[in-house]
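Following: one structure in structure tokens, then a few remarks.
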Amino acid sequence: MGQALSVDTSAMERWRDVTHTSHPWPEGRSGHVACMVDDDRMFLFGGYANHGFCVPDAWLYDARQATWSRHRDHETNAPDGRTGATVCCVPAAAPKGCHQPAAAASSASAASAAGRFVVVFGGFVSGSRSHTNQLVVYDLDAHRWSDATHFGHDVALADVGIGAADDDVGLAVSTVGPCPSPRDKLASCIHNGTIYFFGGWGAQYDIPDDNWDRDVDYGCGWNNQLFSLDVSALQACSNTGRATLVWDKPVTIGDAPAGRAAHSMTLCGDTAVVVGGRTAAGRQNDVHLLELAALPPTWRELDLEPGVPAPVPRSWHSACRCGRDRVWLHGGLSRGSSVQPTGGDVLADAWVLSLSKGWQAVPAPSCAIRWHTAVFCQSLGQVFVFGGSNGTVFFPNYINQLLSWRATVPCLQDLCFAAMVDQVQGSVRGRDAAGGAGIMERLRGKGGGRRNDGPSEGDGDEAGVLGDGVETDCRAAVAALQARLPADIRKSLPRSVLQPLLASFARHHLGQTLSPPTTPSSPTTPSS
């Protein structure tokens, strides 16, 4: 399953270890890809596992319910397991000119939300021990993978027949135009119905005027190629339709970054933010911006004030958007020494980059990770970090830890929701300490009978809110919630505000008819 790190987050109110809150659970891995596919769900695919091979499984994590589910292709045509690929989620129906607001990236992958189709490109396939430029599409509704057929560099869109796909095959995907050569450790983001791919590591096959820095020992090199893939045909496509996607190599102006791999590429508005990665000269901590709304797209390096603290050079880190113009960065592998340039330390630090103000260090748990993933769940205001390795390059130790970092202050309703879910999940695993029925059973009126616990010994405003059967449990939920709240907002949340919200949650989500609160009702839920 992979090792769970010992994470001390007690002094860091923004961090939570949410590992093993449900079963099943993905095994430990690194070099996998992840992206948000809607407001609350994260898609995960591939990566190296402890048996030394890449796993081909796909998972969905529901951030609100804190549960994992494994997606199994009913036609058993899942692609080979791979590492260092890229992934983007394509909107099911979004007009051009309306870019997707959420984007995330890891050291070897990039992700964007939200939609129905997930596009995976490139990577290193452990079975064949080779890089690939295969493009596959996963339909989240049909639970089916489709392997894209590439018709060649010189084939025009008009030359590809458009018709209905075979119902037994499902979605039929093809591509035309100049496709990238096989590579891994590239990064990508989606903007205005187009996925942009940058960099990577692989053999030099094409376009001699590009910046390829070759490593003679490995026969491969780092590149600074920028490719685009128009995926608008997927946005209105059914699961038994046909979609032809168009590759292009857009012309840009400005100074492009040096060829690199294991970097991150994060979309903030109309700007793709490239951070760090490994170049021929070693690992970097530079920041480059690609203005995608400009015609033509324009590269520029972000000017940071000299002397201001910044992350050390790194690759295999994770990064994602965590605000309108903010990029969150965590972990990775440091530069190493001149004696051992491929070495370096696995990092545990975390930073937030403001495109207008520069870098700021943020508290981080004492767990060093590299080649993991991070995604931003905008509805909860949290960054979710999964997997990675805390070992060396040649002696990895794959983990399946899931951590969350509070990027924004959540609303009271979300806090109460989380508290109730924690209480319910705890009771589902067994009876309470007194030997009575669990909370879920009592809230649904099943098992254990109804209890009459009477008013609490604490504040009188807690009594009678939920009736005889559940008032004690709701008091416990309130206490648990208040104990878990960050100190900066704990004082502003009286129980008279929390109690009606907990009652509302139980009423709407657990089907229990509840009596109205006896305390003054709360106004519309404010933002904390």
Report summary line: Interatomic distance, CG@Leu135 vs CZ@Phe197, rounded to 0.5 Å, equals 6.5 Å
Requested in this report: For Gly381 and Phe376, work out which heavy atoms get closest and say how close.
Outcome: C-CE1, 3.8 Å
Query raised in the report: So, the side chain of Arg283 versus the backbone of Ser334: is there a donor-acceptor pair under 3.5 Å, distance only?
Result: yes
Requested in this report: Look up atom CG in Leu403 and atom CZ in Arg14, then write down how far apart they are to the nearest 0.5 Å.
Outcome: 15.5 Å
Query raised in the report: Does a donor on one side chain and an acceptor on the other come within less than 3.5 Å for His143 and Tyr138?
Result: no
Report task. Begin from the C-alpha positions of Asp325 and Ser356 and carry the test side-chain contact (heavy atoms from CB on, under 4.5 Å) through to its verdict. Result -> CA-CA 8 Å; Asp325 70 337; Ser356 58; 3.5 Å; yes
**Report entry** From CA spacing to verdict: side-chain hydrogen bond (donor to acceptor under 3.5 Å, both in side chains), Asp349, Trp351
**Finding:** CA-CA 7 Å; Asp349 54 345; Trp351 296 77; 2.9 Å; yes
Query - Any donor-acceptor N/O pair, Arg370 side chain to Gly391 backbone, under 3.5 Å - result: yes
**Report entry** Atom of Asp39, atom of Cys377 and distance for their closest heavy-atom approach
**Finding:** O-SG, 3.2 Å
Query - Residues Arg116 and Asp141 bridged, charged N to O under 4.0 Å - result: yes
Query - Heavy-atom closest pair, residues Val273 and Leu353 - result: CG1-CD2, 4.2 Å
Query raised in the report: Out of Val136, Val137, Thr86, which one pairs with Val120 under the side-chain contact (heavy atoms from CB on, under 4.5 Å) rule?
Result: Val136
Query raised in the report: At their closest point, which heavy atom of Ala348 faces which heavy atom of Cys367, and how far apart are they?
Result: CB-O, 3.5 Å
Query - Asp345 side-chain N/O to Leu347 backbone N/O, donor-acceptor pair under 3.5 Å - result: no
Query raised in the report: Are Ser181 and Arg183 close enough that a side-chain donor and a side-chain acceptor fall under 3.5 Å?
Result: yes
Query raised in the report: Do we see a donor-acceptor contact under 3.5 Å between the side chains of His372 and His330?
Result: yes
Requested in this report: Salt-bridge test for Arg300 and Asp255: reply yes if a basic N is under 4.0 Å from a carboxylate O, no otherwise.
Outcome: no
Query raised in the report: Should the pair Asp40-Arg64 be classified as a salt bridge under the 4.0 Å nitrogen-to-oxygen rule?
Result: yes
Query raised in the report: Would a distance-only check, ignoring hydrogens and angles, find a side-chain to backbone donor-acceptor pair under 3.5 Å from Arg406 to Ser404?
Result: no
Query raised in the report: Side chains of Arg314 and Gln284: do they bring a donor and an acceptor to under 3.5 Å?
Result: no
Query raised in the report: Any idea how Trp68 and Tyr61 line up, ring-wise: parallel (<30°), tilted (30 to 60°), or perpendicular (>60°)?
Result: tilted
Query raised in the report: Side chain of Asn224, backbone of Pro257: donor and acceptor closer than 3.5 Å?
Result: yes
Query - Between CG on residue Leu355 and CG on residue Leu289, distance to nearest 0.5 Å - result: 6.0 Å
Query raised in the report: Are Trp201 and Asp184 side-chain neighbours, meaning at least one heavy-atom pair lies under 4.5 Å?
Result: yes
Query raised in the report: Roughly how far apart are Phe198 CZ and Trp299 CH2, rounded to 0.5 Å?
Result: 4.5 Å
Query - Nearest heavy-atom neighbours spanning Cys268 and Val327 - result: SG-CG2, 3.7 Å
Query - Test of ring centre spacing under 6.0 Å for Phe121 and Trp247 - result: yes
Report task. Answer yes if the side chains of Arg16 and Gln382 hold a donor-acceptor pair under 3.5 Å, and no otherwise. Result -> no
Report task. Quick one: pull up CG in Leu229 and SG in Cys88 and give me the separation to the nearest 0.5 Å. Result -> 9.5 Å
Query raised in the report: Backbone N or O of Gly46 within a donor-acceptor pair of the Arg82 side chain at under 3.5 Å?
Result: no
Query raised in the report: Is a side-chain N or O of Asn223 found less than 3.5 angstrom from the main chain of Gly200, in a donor-acceptor match?
Result: yes
Requested in this report: Report yes or no: do Gln401 and Asp17 form a side-chain donor-acceptor pair below 3.5 Å?
Outcome: yes
Query raised in the report: Quick one: are Gln360 and Pro309 in side-chain contact, heavy atoms under 4.5 Å?
Result: no
Report task. Compute the ring centroids of Trp59 and Phe386, then answer whether they are less than 6.0 Å apart. Result -> no
Query raised in the report: Does a salt bridge link Arg29 with Asp57, judged by any charged N lying under 4.0 Å from a carboxylate O?
Result: yes
Report summary line: Rounded to the nearest 0.5 Å, the CZ atom of Phe117 sits from the SG atom of Cys89 at a distance of 10.0 Å
Query raised in the report: Under 3.5 Å, side chain of Thr19 to main-chain N/O of Leu402, donor-acceptor pair present?
Result: yes
Report task. Indicate whether the side chain of Thr149 and that of Ser174 have a donor and an acceptor atom separated by less than 3.5 Å. Result -> no
**Report entry** Any side-chain donor near an acceptor of the partner, Glu291 and Thr298, under 3.5 Å
**Finding:** no
Requested in this report: Would you please say whether a donor-acceptor pair under 3.5 Å links the side chains of Ser264 and Thr266?
Outcome: no
Report task. Say whether Thr373 and His32, considering side chains only, have a donor N or O and an acceptor N or O under 3.5 Å apart. Result -> yes
Query raised in the report: Would you say Ser315's side chain and His263's backbone share a donor-acceptor pair under 3.5 angstrom?
Result: no
Requested in this report: Please answer whether the main-chain N or O of Ser232 pairs with a side-chain N or O of Asp230 as donor and acceptor at a distance below 3.5 Å.
Outcome: yes
